[in-house]
Amino acid sequence: MKLTEIKYKDITIKVTFEKIEDYAIYHYDKNKLVIRKNLTKQILGKTLFHELFHIIITLNKFSVSYHGEEKVASLTEQYYTILKSNPILKNLIIRCLKND
């Protein structure tokens with residue numbers, strides 16, 4: 001199953017995988033997320049957390065300018081590291097999502 005869209009609130013963000021220089025680019029004005037093709041699973045996982053952060057703050061009109069958006073977004077990549085190092089936590093979160 002390939003990721004083709006992300007739904008958040010009443011918005012659907014189209015997702016494509018393309019040959020680009022950046023790991024990903026979120027085009028908020030077009031509701032489109034472009035992700036670089038052939039990223040490793042680790043880089044893809046971190047990139048998805050990073051881009052989800054951009055989507056969340058954009059659609060909630062939340063400013064993080066005090067610290068800088070990219071600096072704050074880079075912290076979200078640590079979810080990947082935490083979940084990778086804590087399989088019990090990861091499985092608990094997955095179970096919580098399944099019971100929704």
Flag yes if [X] and [Y] sit in one hydrophobic cluster, no otherwise; membership is Ile, Leu, Val, Met, Phe, Trp, Tyr, and two members link when side-chain heavy atoms are under 4.5 Å apart.
X: I6; Y: F17; answer: yes
X: I88; Y: I82; answer: no
X: V64; Y: L75; answer: no
X: Y28; Y: V34; answer: no
X: L89; Y: Y80; answer: yes

[atom2] on [Y] to [atom1] on [X], rounded to 0.5 Å:
X: S65; Y: K71; atom1: OG; atom2: NZ; value: 13.0 Å
X: I25; Y: H54; atom1: CD1; atom2: NE2; value: 11.0 Å
X: Q42; Y: T47; atom1: CD; atom2: OG1; value: 10.0 Å
X: E51; Y: K46; atom1: CD; atom2: NZ; value: 14.5 Å
X: H27; Y: L33; atom1: NE2; atom2: CG; value: 8.5 Å
X: K14; Y: K32; atom1: NZ; atom2: NZ; value: 5.5 Å

message: So for atom OH, which belongs to Y8, do other residues, nucleotides or ligands contribute more than 12 heavy atoms lying within a distance under 6.0 Å?
response: yes
task: Take atom OH of Y23 as the centre, draw a 6.0 Å sphere, and report whether it contains more than 12 heavy atoms from other residues, nucleotides or ligands.
output: no
Taking [X] for the side chain and [Y] for the main chain, is one N or O donor matched with an acceptor at less than 3.5 Å?
X: R36; Y: I20; result: yes
X: T40; Y: I43; result: yes
X: T76; Y: A73; result: yes

- request: Begin with the C-alpha distance, continue with both residues' side-chain angles, and end with the deciding distance and a verdict on side-chain hydrogen bond (donor to acceptor under 3.5 Å, both in side chains) for N60 and K9.
  value: CA-CA 10 Å; N60 285 290; K9 296 192 170 197; 2.5 Å; yes
- prompt: Which residue, I57, I56, I55, forms the side-chain contact (heavy atoms from CB on, under 4.5 Å) with F53?
  reply: I57
query: Between the side chains of T16 and E18, is a donor N or O closer than 3.5 angstrom to an acceptor N or O?
result: yes
statement: Closest non-hydrogen atoms of L44 and I35, given as atom of the first, atom of the second and distance, are CD1-CG2, 3.9 Å
query: Is any side-chain heavy atom of T4 closer than 4.5 Å to a side-chain heavy atom of V15?
result: no
- prompt: Are the ring centres of F49 and Y79 closer than 6.0 Å?
  reply: yes
query: Would you call E5 and K7 a salt bridge, using N to O less than 4.0 angstrom?
result: yes
